[in-house]
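Notes follow the structure.
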Amino acid sequence: MSHSDHIPFELSHIKMDMVNEQACLLRFADHIDDTVADAIGLVTRQLRDLAGIIDTIPSYTSLLVTFDVGHHDRFAICQQIQTLLDNLDMTEVTSRASREVVIPVYYAEEVGPDLQEVAKHCDMTVEEVIQLHSQTTYRAYAIGFTPGFAFLGNTPKALHIPRKNTPRLKVPIGSVAIAEQQTAVYPSVSPGGWQILGRTPTPLVDWQSDSLALIEVGDSVRFEPISRAEFLAQGGQLDGF
């Protein structure tokens, strides 16, 4: 099914739950789906224009909305949100073209220490793992964990592999990794238990930019294999483990 063929999401399916006095959670569905993600993206953009809302944090199936209760009544804000949902036209999502982000990746064991393990688990060669992972177009469903960390789906079923039993204490910046049906790029050095396939020289976070993160919710993401020489020429670092 193409992006434009999606059946419009039924806004009546959204449930609003109060998390605390300063936030509510909008629950869209209990499954990951492009149509659900389209609805979350549209509602997120529309809510930014409402008075009294501090932040909106989208995830795979829900949207957390935080309020400025120091200057606004939370009940009035919730009523505004409900009114917006009641009057929103979900057919608007079909006219929004997603932005494509292409990320160069050096796939190799010196920066992708789990390549062999993934290949063995998936009954593939390393070359087949790289080919399948890089030929897939992913969607950014959520941003979290650390600034700029985008949860990308869906990784092909043939590449599904669990997280590591013992997470690494230090995953190098730019590491491209998979776990279950998700793919991600580590935007900073951090602990992590995902299976690492390679590394990108491209910064995922620009602290001087208004948008901060290279990848935003709703973006389409592709990984483009590059050579060791290209990786180094673009500023890539080989150390970190």
> Which heavy atom in A29 sits nearest to a heavy atom in T61, and how many Å separate them?
Replying inline: O-CB, 3.2 Å
> Going by heavy atoms in the side chains, are W194 and K164 under 4.5 Å from each other?
Replying inline: no
> Between A158 and M124, what is the shortest heavy-atom contact and its length?
Replying inline: CB-CE, 3.4 Å
> Who passes ring pair (Phe, Tyr, Trp, His ring centres under 6.0 Å) against F67, sequence neighbours left out?
Replying inline: none
> What about V221 and I130, same hydrophobic cluster or not, with Ile/Leu/Val/Met/Phe/Trp/Tyr joined at side-chain heavy-atom distances under 4.5 Å?
Replying inline: yes
>> Which residue is it: V217, T56, I57? I am looking for the one with a side-chain contact (heavy atoms from CB on, under 4.5 Å) to T44.
In response: T56
> Do I81 and V65 come close enough that some side-chain heavy atom pair is under 4.5 Å?
Replying inline: yes
> Does V102 reach the side chain of E100, with side-chain heavy atoms less than 4.5 Å apart?
Replying inline: yes
> Are V205 and V189 joined in one hydrophobic group, where the rule is that I, L, V, M, F, W and Y side chains link up if heavy atoms are under 4.5 Å apart?
Replying inline: no
> Out of curiosity, Q195 CD to S175 OG, how far, rounded to the nearest 0.5 Å?
Replying inline: 12.5 Å
> Side-chain donor-acceptor pair under 3.5 Å between T83 and Q80, yes or no?
Replying inline: no
> What is the minimum heavy-atom distance between K170 and P172, and which atoms define it?
Replying inline: O-CD, 3.8 Å
>> Apply side-chain contact (heavy atoms from CB on, under 4.5 Å) to residues V105 and E224 and explain how you reach the verdict.
In response: CA-CA 6 Å; V105 180; E224 185 175 87; over 6 Å; no
> Is it the case that one hydrophobic cluster holds both V118 and L152, taking links as side-chain heavy atoms less than 4.5 Å apart, direct or via other members?
Replying inline: yes
> Taking 4.0 angstrom as the limit, do R168 and D114 come out as a salt bridge?
Replying inline: yes
> Would you say D123 has more than 12 foreign heavy atoms packed within less than 6.0 Å of its CG?
Replying inline: no
>> Given 3.5 Å as the limit, does a donor-acceptor pair link the side chain of D219 with the main chain of E216, or not?
In response: yes
>> Working note: F223 + V185, criterion side-chain contact (heavy atoms from CB on, under 4.5 Å); need CA distance, chi angles, decisive distance, verdict.
In response: CA-CA 10 Å; F223 297 102; V185 183; 3.6 Å; yes
> Roughly how far, to the nearest 0.5 Å, is OG1 of T136 from CG of L159?
Replying inline: 7.0 Å
> Do the side chains of Q234 and P104 get nearer than 4.5 Å, heavy atoms only?
Replying inline: yes
>> Testing the basics here: between V111 and I196, what is the closest heavy-atom pair and its distance to 0.1 Å?
In response: O-CG2, 3.5 Å
> What is the distance from atom OG of S62 to atom CG of L25, rounded to the nearest 0.5 Å?
Replying inline: 4.5 Å
> In the single-linkage hydrophobic clustering (I, L, V, M, F, W, Y; side-chain heavy atoms under 4.5 Å), do I14 and L50 co-cluster?
Replying inline: yes
>> Evaluate R74 against Q22 for side-chain contact (heavy atoms from CB on, under 4.5 Å), listing each step before the verdict.
In response: CA-CA 7 Å; R74 66 186 177 99; Q22 300 179 352; over 6 Å; no
> Any side-chain heavy-atom pair from S227 and Y106 closer than 4.5 angstrom?
Replying inline: no
>> Would a single hydrophobic cluster contain both I226 and L204, if residues Ile, Leu, Val, Met, Phe, Trp and Tyr are joined by side-chain heavy-atom contacts under 4.5 Å?
In response: no
> If we ignore angles and hydrogens, is there a donor and acceptor under 3.5 Å between the side chains of T183 and T155?
Replying inline: yes
> Which distance, rounded to the nearest 0.5 Å, do you find between the CG of L47 and the CG of L42?
Replying inline: 9.5 Å
> Are D38 and R139 close enough that some pair of their side-chain heavy atoms sits under 4.5 Å apart?
Replying inline: yes
> Step by step, would you call H133 with V176 a side-chain contact (heavy atoms from CB on, under 4.5 Å)?
Replying inline: CA-CA 10 Å; H133 185 262; V176 178; 3.7 Å; yes
> Are R163 and E180 close enough, and set up right, to give a salt bridge (charged side-chain N to carboxylate O under 4.0 Å, His left out), and what steps lead you there?
Replying inline: CA-CA 7 Å; R163 290 174 172 81; E180 302 294 353; 5.6 Å; no
> So which heavy atom on G192 is nearest to which on Y186, and how close?
Replying inline: CA-OH, 3.4 Å
>> Measuring only between side-chain heavy atoms, which start at C-beta, is P225 closer than 4.5 Å to S134?
In response: yes
> Distance from L26 atom CG to L63 atom CG, nearest 0.5 Å?
Replying inline: 5.0 Å
> Say you draw a straight line from OG1 of T125 to NZ of K120; how long is it, rounded to the nearest 0.5 Å?
Replying inline: 15.5 Å
> With sequence neighbours excluded, what pairs up with L232 under the side-chain contact (heavy atoms from CB on, under 4.5 Å) test?
Replying inline: R228, L238
>> So, using side-chain contact (heavy atoms from CB on, under 4.5 Å) as the criterion, who are the partners of D17 when residues are at least two apart?
In response: R27
> Would you say the side-chain atoms of T66 pair up with the backbone N or O of D55, donor to acceptor, closer than 3.5 Å?
Replying inline: yes
> Does some side-chain heavy atom of E230 sit less than 4.5 Å from a side-chain heavy atom of P201?
Replying inline: no
>> Out of the candidates Y60, F28, F151, only one should pair with Y141 under the ring-ring contact (aromatic ring centres under 6.0 Å, His included) rule; please name it.
In response: Y60
> How far apart are the closest heavy atoms of E117 and I161, and which atoms are they?
Replying inline: O-CD1, 4.4 Å
